[in-house]
Number of protein chains: 2
Amino acid sequence: MSKQIPTLAQVAKIAGVSQMTASRALNDRPGVSRETRDEVLRIAADIGYVVNRSAQKLSGGRNGIIGIITPMLDNQFASELILGVGRAARAVGYETLVYTVFDEDRDAHRSLLGLLPQFADGVVAILPRESAWFDTLAAAHVPVVLIDQRGSLTNFPSISVDSYGGACLAVEHLAELGHRRIAFISGDETIEGVRDRRRAYSDTLGRLGLPQDPNLVVAGDLSQMRAFEAASDLLCLAEPPTAIFAANDLSAFGVIAAVREAGLRVPDDVSVIGFDDIPMAAQVHPALTTVRQPFQQMARAAVNTLLASIAGTEAPAARITLPAELVVRASAGPVSDARKKATGRSPKAVREVRKQA
Amino acid sequence: MSKQIPTLAQVAKIAGVSQMTASRALNDRPGVSRETRDEVLRIAADIGYVVNRSAQKLSGGRNGIIGIITPMLDNQFASELILGVGRAARAVGYETLVYTVFDEDRDAHRSLLGLLPQFADGVVAILPRESAWFDTLAAAHVPVVLIDQRGSLTNFPSISVDSYGGACLAVEHLAELGHRRIAFISGDETIEGVRDRRRAYSDTLGRLGLPQDPNLVVAGDLSQMRAFEAASDLLCLAEPPTAIFAANDLSAFGVIAAVREAGLRVPDDVSVIGFDDIPMAAQVHPALTTVRQPFQQMARAAVNTLLASIAGTEAPAARITLPAELVVRASAGPVSDARKKATGRSPKAVREVRKQA
DNA sequence: CTGAAAGCGCTAACAA
DNA sequence: TTGTTAGCGCTTTCAG
């Protein structure tokens, strides 16, 4: 039944006009009479014509595609952003294509150069790390917008979140709840936003006159597993924290698991705050108090900036920073020494339990 | 510094050969002397030549790209598969591009037709639901392989997992542990694999002579939240189950949360088994006993089948079904009435606690 | 083994 | 308002 894929030439022929006229009509460009335009559109719809984006691109024009470059999509953070960019793009008539770069790739640069930039009018790059890909992207001669990267090393416009401010809110919240021994589980510090969170933690503690115990800052890697271990160690301290601030939600989940493993409860014995507000944060129990990254806003801002950059000759390298917001749910509560003493085990007992497992 | 993007013509000119010779050399085709080939390759690498895939595709050839079509990437299932296909493709010299279809789209069909098929040599479709997109895909005249879809309604080759067999393993495992009241939290039953799990649950119960209580089968939607509610209801039954089998891991997480919310423990009071074995399953506490979908194998099979389909004229519509495997971890244990009685609360008490929250 | 010609489907740039 | 010409970068013919 379906013969060939219809081409512009066919549409034009049937409509009895030139390819250019048909092209103009289909792309909503000026220079076509209403009647002709309608006729062309009707015929196109009729025979199921769909523009060939490769040809469109090759011939030097725009093709209505935004490329998204991201490392591994197995983290919720990137997923949310991809979803958001997809929606935002669609809202303005653009399609999106996602290209995943694998860290393992030695010659990823070539692939990168050879893919999205050739297919898309512009690229949204979700590259949290200081990356060598920036140079590659720059060489591709395609408008680029970075997400979650201060871009201090590049000239690309970028969209980022005020991690520092958000983290301050988290620590302040805990302080207001009466916590004085607040721990921090850090993450991969090659990510600027993560470094900011750590700085904010220290600065806020200092500003509020709370004790800064080096033992309360432990290294994580943004994974649930690692946070579990880190939190377990924290709870084994002679003087364990009453609250733990994790560098991301996944880590916070690990912390909660560790607290439970130790026979303690959240938030009764230990308060926990995360960072990101991935969808699951609201669905776990107890619902996670966390700092929200405004994914939708970021995505919209990225798309808008990119579109401007595509349209204009040279967009000024804007650096947009969006505020993060504290979302108070159930995982952080007032400190309660009484309850804590009643339920808690001694550090040694806790350690023994863990060893046996 | 970076001038223009180098083209094949430039490479050819510098090498002092024709475009065709350069093309042949770069694509590893026969008909070029070793010396010439090496020289061309050297020059190409030298000036940083990268083939333009749009042009490649447009001119009627392959372009070494596999497209992946998936609905929303916010579920771990798809993420794993995307990752797997990406790796498998890369291993054989292909790149991948991901296109996300949004359910909301009314005219997604046109977009679909207009995107991946135009850019890629073939398409891997991760479309768990019986979908109208199949027709669209068929009209695109591109090799397609389906993942996780029996494909009963289509002629596309497909890769799927033996959900039925996997679910049987889960139920049998629980039975071996001594459980007799085993509940099932279902999912979106428009997904064939999910329907299979439910059938397997019933059949196995029947086969083993265990009681089939309709109250023990509750509707979920594969989300953590919904499973939490469903499991809470189950625990409020006059005669609650001692084990709960969830249609996917996310649901299982919700179940575990619900069990804890009810003041019970996993697996001491209630055993829980999931389905999928997403990475997080191994990282939560207690580590989830679950049925593993062989994502890597599925991905590899899909890529291989697709490649065959691209190479050969008409590949026979193969239907590959991979076995699922039970992964025994910590969330399911032997039934223990004694302990259960000691810790459990009465159904009414549980319900009251929930109401107050 | 190598090269010249033609064209994939489309859109800029020019005419008319 | 419309049509014509050229060409994007590559690969398929088909000749040498």
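Predicted, not measured: the structure shown is a model, and the values here were computed from it. Letters A, B, ... mirror the listed sequences (proteins, then strands); counts begin at 1.
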Whole-Å distance between [N] [atom2] and [X] [atom1]?
{"X": "A:Arg53", "N": "C:dT11", "atom1": "CZ", "atom2": "P", "answer": "11 Å"}
{"X": "A:Leu58", "N": "C:dT11", "atom1": "CG", "atom2": "C1'", "answer": "10 Å"}
{"X": "B:Leu115", "N": "C:dG9", "atom1": "CG", "atom2": "P", "answer": "17 Å"}
{"X": "B:Gln19", "N": "C:dT2", "atom1": "CD", "atom2": "P", "answer": "16 Å"}
{"X": "B:His141", "N": "C:dC8", "atom1": "NE2", "atom2": "P", "answer": "17 Å"}
{"X": "A:Gln10", "N": "C:dG9", "atom1": "CD", "atom2": "C1'", "answer": "11 Å"}
{"X": "A:Asn27", "N": "C:dC10", "atom1": "CG", "atom2": "C1'", "answer": "9 Å"}
{"X": "B:Gln56", "N": "C:dC10", "atom1": "CD", "atom2": "C1'", "answer": "18 Å"}

Would a distance-only check, ignoring hydrogens and angles, find a side-chain to backbone donor-acceptor pair under 3.5 Å from [X] to [Y]?
{"X": "B:Gln296", "Y": "B:Ala88", "answer": "no"}
{"X": "B:Ser309", "Y": "B:Thr305", "answer": "no"}
{"X": "B:Asn63", "Y": "B:Phe119", "answer": "yes"}

Examine [N]: is either OP1 or OP2 under 4.0 Å from a nitrogen or oxygen in the side chain of [X]? Give yes or no.
{"X": "A:Thr7", "N": "C:dG9", "answer": "no"}
{"X": "B:Ser18", "N": "C:dG3", "answer": "yes"}
{"X": "A:Ser54", "N": "C:dC10", "answer": "no"}

Check: Of all nucleotides in DNA chain D with an atom under 4.0 Å from a non-hydrogen atom of chain A, which is the first and which the last going 5' to 3'?
Finding: D:dT1 to D:dG9
Check: Are B:Leu222 and B:Ile191 close enough, and set up right, to give a side-chain contact (heavy atoms from CB on, under 4.5 Å), and what steps lead you there?
Finding: CA-CA 11 Å; B:Leu222 302 183; B:Ile191 301 175; 4.0 Å; yes
Next item on the list: Select from B:Ala55 and B:Met20 the residue whose nearest nucleotide in DNA chain D is closer to the 5' end of that strand.
Entry: B:Ala55
Notebook entry, point to check: So how far is it from A:Thr100 OG1 to B:Arg87 CZ, rounded to the nearest 0.5 Å?
Noted result: 10.5 Å
Notebook entry, point to check: Between A:Leu8 and A:Arg24, who's closer to the 5' end of DNA chain C by nearest nucleotide?
Noted result: A:Leu8
Note to self: Using heavy-atom distances to pick each residue's nearest nucleotide on DNA chain C, tell me which of B:Pro30 and B:Ser59 is more 5'.
What the structure shows: B:Pro30
Notebook entry, point to check: Only one of B:Arg62, B:Arg53, B:Lys57 clears salt bridge (Lys or Arg N to Asp or Glu O under 4.0 Å) with B:Asp121; which?
Noted result: B:Lys57
Next item on the list: Let me know which of B:Leu97, B:Val98, B:Leu307 forms a side chain to side chain contact (heavy atoms under 4.5 Å, CB included) with B:Ile66.
Entry: B:Leu307
Next item on the list: Would you mind listing every salt bridge (Lys or Arg N to Asp or Glu O under 4.0 Å) that reaches into residues 16-35 of chain A, with sequence neighbours excluded?
Entry: A:Asp28-A:Arg37, A:Arg34-A:Asp38
For [X], which contact category applies under a 4.0 Å heavy-atom criterion: base, sugar-phosphate, or nothing?
{"X": "A:Arg34", "result": "nothing"}
{"X": "A:Arg37", "result": "nothing"}
{"X": "A:Gly60", "result": "nothing"}

Next item on the list: For the pair B:Gln293 and B:Leu322, evaluate side-chain contact (heavy atoms from CB on, under 4.5 Å) and give the outcome as yes or no after the intermediate values.
Entry: CA-CA 9 Å; B:Gln293 302 230 36; B:Leu322 268 21; over 6 Å; no
Checklist line | Minimal non-hydrogen separation, B:Leu81 against B:Ile126, with atom names | finding: CB-CD1, 3.6 Å
Checklist line | Rounded (10°) bend between the five-pair end axes of the helix from C:dC1-D:dG16 to C:dA16-D:dT1 | finding: 30°
